[in-house]
Every structure is written in structure tokens, then in C-alpha cells.
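To keep things clear, I will list the structure first and then write my remarks on it.
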Amino acid sequence: MRPNFGNLVGVNVLSPFGIAYGRIMDVRNRLYDSGKLRSHSLGARTISVGNLTTGGTGKTPLVALVAEILAADGEKVCILTRGYGRTDPKKRVLVSDGVKLLVDAAAGGDEPVELAGKLLGKALVVADADRVAAAAWVREKFGITAFVLDDGFQHRRAKRDVDIVCIDATNPCGNGQMLPAGDLRESFSGLRRADAIVITRANLVESTDELAERLRRRNETAPIFLASTSMKEIVELNDLLATSPVQPADVDRVFAFCGLGNPGNFRRQLEIENFELAGFRSFGDHHKYSQADVELLIIEAKMSGATSLLTTVKDGVKLKHLNFEMPVLIARIEMRIEGEEQFRKLVIG
């Protein structure tokens with residue numbers, strides 16, 4: 001795989017808009033770099049986890065890992081997230097108070113609810129487009145001592161102590177074009193702002209050497225970490241937030257489905273984990289499932305000879321109100337980073 005860094009690949013009707021968007025982002029970044037646009041301190045140690053492309057970079061497991069590191073170091077942690085896809089995107093929502101999950105995915109967003117469920121007892125989660133205001137509110141109300149900005153690399157209004165950028169080893173820069181023509185939120189020159197680069201899903205490609213070399217040309221000083229994902233456990237949908245995993249021997253032929261930014265990576269992970277896949281269906285990222293979707297999945301699963309459905313936690317948090325005629329299993333994924341101790345020191349400071 002030879003990633004293309006910011007060069008236009010092919011031409012489509014949206015390319016002129018992508019070029020214009022890229023120039024706007026360049027101007028915006030220069031204004032922040034010069035201090036003409038102001039970044040605001042959140043009043044506590046702040047770690048940003050973000051990316052240069054839209055969706056599907058393996059960012060959410062990394063956000064969770066950063067929060068766990070901070071919590072283990074004794075910090076009172078809050079994840080600040082926009083909460084994409086929620087019913088009222090302008091409303092501030094306390095997704096979790098760190099003890100209980102307080103809202104569903106419709107109110108809080110699928111990824112915030114996923115994070116909240118994973119981090120009960122370790123971190124609060126707040127969904128708010130205005131993360132500076134949300135930080136002031138939650139710090140006063142709960143005594144927060146550390147923040148994690150979910151998808152924060154372009155949210156420069158919030159000042160951060162550490163900027164971590166995720167690069168997906170399987171698809172480093174999409175088609176190389178800027179939004180809306182492609183997947184890039186800003187050019188790869190933005191990597192110069194990164195304090196650390198994490199190449200995610202490194203276990204899904206043969207080698208990351210060439211990619212790491214190209215990233216190093218964009219940022220000569222930031223450490224580059226390799227992250228891999230693996231299946232932590234399988235749980236049933238009605239046991240999503242509990243810790244009662246299904247035994248591998250009980251998992252037969254499965255029909256897998258997901259609504260992710262990069263569904264192919266989920267399928268590849270299942271193949272690596274030696275699941276017997278009877279079939280696979282993908283929906284759009286952040287898909288809101290209906291009963292009609294469920295009926296389609298059941299039909300396809302039965303026709304393929306599957307004995308159960310299998311999906312991700314991000315999808316699972318949006319399924320509990322729906323009726324299924326066969327078991328629904330949820331795959332819990334965990335992330336591991338090479339050079340874990342160096343990464344931990346970077347996070348805690």
C-alpha cells in the first residue's frame with residue numbers, strides 16, 4: 001500500500017469544492033497558529049485524540065485507552081465529545097456521570113454511549129458541540145482534573161496539552177481529496193501540530209514501514225506508535241454493559257453486520273479471529289437501525305445458514321429497542337499499543 005498524502009486522486013464534480021475547503025482550513029489553521037484566533041484552556045490537563053480523515057480510523061478505542069490511563073493515574077476524567085448523530089446536536093447531554101449510563105444512543109450519540117458503557121467507574125462523558133463551555137460546566141459540577149477531547153484535532157478552540165493523531169494503516173488518507181470531494185478534513189501538513197501519531201490497525205496490514213516513513217517526513221519529532229486491535233470478548237445484546245462473555249464454543253456460524261466508517265476492517269478483524277462468517281452486510285456510518293433493517297438481516301442470516309447475528313458495540317447501543325428472532329452477539333474490541341509505557345508517560349505528563 002502506497003499512501004497518497006494530499007495529492008488529488010482522480011477528478012469528480014466536487015473537486016473544486018474540496019480545493020476551496022482545503023484553502024479555508026489552511027487559513028483557519030494559520031489564524032490559530034498566529035494567535036489571531038484564540039484557543040481556550042479547559043482548566044485541567046487535556047488530551048486530544050483526532051484524525052485527518054472522516055470516520056473509521058479506530059479513534060474510539062484510543063479515546064477509551066487514554067481515559068483509562070488517566071483514570072489509573074488518579075485523575076477524575078471526562079470525555080468531551082460532539083456526539084455525532086444525536087437527536088438534538090445543539091443540546092448539552094451528560095451521557096454518563098461516571099457511575100451510570102444516563103441516556104440512550106438517540107440522545108447521546110452512538111460513540112459517546114459506547115464510550116460511557118466501557119468506562120463506567122473510570123470516566124464521565126459529555127456530548128456538546130461547544131466543548132469549551134461544556135468543560136467549564138462539568139469541571140465545576142464534578143471536579144474534573146483531566147479531559148479527553150474525542151475527535152479534537154480540528155477543534156482548535158479548545159487548548160490541549162497533548163495532540164494525538166490517528167492514522168488508519170489500512171486507509172491512511174482515503175482518496176487523497178478534501179471534503180466534500182474526499183475524506184480529508186485538512187491537508188497532511190497539519191500533522192506538524194501533532195505531539196504523537198498512532199498508526200491504528202497495524203495488525204491488519206503486512207507492513208507499516210513505508211507509511212511511518214512518510215508520516216515522519218510530515219513531522220520529524222512526534223513519536224509514532226503502532227496500535228493493534230483484537231477481540232476482547234463476545235457478549236449478548238441484552239448483556240451489553242455487563243461482563244458475562246459468551247464462551248467461544250457457543251459461537252457457531254454468524255452473520256455479521258455493522259454501520260461503521262470502514263466496515264471492511266471489522267470484517268477483516270473477524271476473519272483474523274477465525275469466526276465462521278456465513279455472511280456480512282454493511283450500513284452507512286452512524287446508521288440508525290429500524291425494524292425493517294432487522295427483518296432484512298434476519299432473512300439474510302437464515303438464508304445463509306447462520307445461527308446468530310454479530311455486530312459491534314457502536315451498533316449494539318442502537319439495537320436494544322428492536323425485536324430479533326435470533327441471538328444477537330456483540331464483539332468487544334480492545335486496542336494495544338507497542339511502546340505502551342512511553343505512550344502512558346506521554347498521556348499523564
Side-chain angles (χ1 to χ4, degrees), residues 55-56 60-61 63-64 79 81-121 123-129 150 232-246 250-251 254-261 263 266-267 270 278-304 306-333:
T60 300
V63 169
I79 294 173
T81 177
R82 176 186 170 198
Y84 182 84
R86 51 199 179 98
T87 304
D88 187 352
K90 296 182 180 179
K91 183 180 180 181
R92 178 180 300 154
V93 176
L94 181 62
V95 181
S96 164
D97 61 4
V99 179
K100 293 187 295 184
L101 182 62
L102 302 176
V103 299
D104 61 13
D110 49 16
E111 289 173 350
V113 170
E114 175 186 357
L115 284 165
K118 179 179 178 61
L119 296 169
L120 289 177
L124 292 78
V125 179
V126 175
D128 193 334
D150 174 31
K232 180 180 180 182
E233 59 190 8
I234 302 294
V235 297
E236 295 181 353
L237 176 61
N238 59 10
D239 198 32
L240 184 56
L241 297 181
T243 54
S244 302
V246 175
D250 298 329
V251 180
V254 297
F255 187 95
F257 69 97
C258 65
L260 304 176
F266 178 53
R267 180 169 189 163
L270 295 177
F280 186 90
R281 172 172 282 274
S282 63
F283 297 85
D285 196 14
H286 301 285
H287 182 71
K288 296 179 180 179
Y289 292 93
S290 66
Q291 192 62 43
D293 293 327
V294 170
E295 292 170 4
L296 174 63
L297 288 167
I298 294 293
I299 290 172
E300 292 185 326
K302 288 182 176 179
M303 290 181 63
S304 69
T307 59
S308 59
L309 296 167
L310 177 66
T311 190
T312 70
V313 177
K314 177 179 173 177
D315 295 283
V317 299
K318 296 177 287 189
L319 298 174
K320 300 204 74 172
H321 67 291
L322 300 171
N323 298 315
F324 290 86
E325 296 178 12
M326 65 169 53
V328 182
L329 304 177
I330 309 296
R332 287 178 173 166
I333 304 293

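Computed over heavy atoms, backbone and side chain alike; hydrogens, waters and symmetry mates excluded.
Atom CZ of residue R267 and atom CZ of residue R281 lie 12.0 Å apart, to the nearest 0.5 angstrom. Note that OG1 of T311 and CZ of F257 are 4.0 Å apart. Values are rounded to the nearest 0.5 Å. Of the inter-residue distances, the one linking L120 atom CG with K100 atom NZ reads 11.0 Å to the nearest 0.5 angstrom. To the nearest 0.5 Å, atom CZ of residue F324 and atom CD of residue E295 are 10.5 Å apart. S304 OG to I299 CD1: the interatomic distance, rounded to the nearest 0.5 Å, is 12.0 Å. Summarising the geometry, atom CD1 belonging to I234 is positioned 9.5 Å from atom CZ belonging to R332; distances are rounded to the nearest 0.5 Å.
When all heavy atoms are compared, the tightest approach of D104 to A107 is OD1-N, 3.0 Å. Taking all atoms of both residues into account, the shortest heavy-atom contact from T307 to P327 is O-CD, 3.6 Å. Residues A105 and K318 come closest through the heavy atom pair CB-CG, 3.7 Å. Across every non-hydrogen atom of P112 and V125, the tightest pair is O-CG1, 3.9 Å. Pairing each heavy atom of M326 with each of A306, the nearest pair is CE-O, 4.1 Å. Heavy atoms only, all atoms of each residue included: L94 and D97 are closest at CD2-CB, 4.3 Å.
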side-chain contact (heavy atoms from CB on, under 4.5 Å) assessment of V113 paired with L101: CA-CA 8 Å; V113 170; L101 182 62; 4.0 Å; yes
From CA spacing to verdict: side-chain contact (heavy atoms from CB on, under 4.5 Å), E111, T81: CA-CA 9 Å; E111 289 173 350; T81 177; 6.0 Å; no
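Applying the 6.0 Å contact sphere to NZ of K232 captures no more than 12 heavy atoms from other residues, nucleotides or ligands. Counted within 6.0 Å of CZ on F283, heavy atoms from surrounding residues, nucleotides or ligands total more than 12; the atom is thus considered enclosed.
Here the side chains of L237 and L329 are not in contact, with every heavy-atom distance at 4.5 Å or above. The closest side-chain heavy-atom distance from V93 to D128 is not below 4.5 Å. Between V328 and L310, the closest side-chain pair of non-hydrogen atoms is not below 4.5 Å. Inter-residue side-chain proximity for S96 and L102 is flagged as unmet; no heavy-atom pair is nearer than 4.5 Å.
Evaluation of the side chain to side chain donor-acceptor pair (under 3.5 Å) rule for T312 yields D315 as partners, not counting sequence neighbours.
In this pair, F266 and F280 present their aromatic rings tilted. The plane angle is within the 30 to 60° band.
Side chain of D293 to backbone of S290: a donor-acceptor contact under 3.5 angstrom is found. Using modelled atom types, one side-chain atom of R86 and one backbone atom of D88 make a donor-acceptor pair closer than 3.5 Å.
With D110 as the fixed residue, the side-chain hydrogen bond (donor to acceptor under 3.5 Å, both in side chains) test singles out one of K288, H286, H287: H286. Just one of V317, N323, L322 meets the side-chain contact (heavy atoms from CB on, under 4.5 Å) condition when paired with L319; it is L322. Of the candidates L115, I330, L260, K314 forms a side-chain contact (heavy atoms from CB on, under 4.5 Å) with just one, namely L260.
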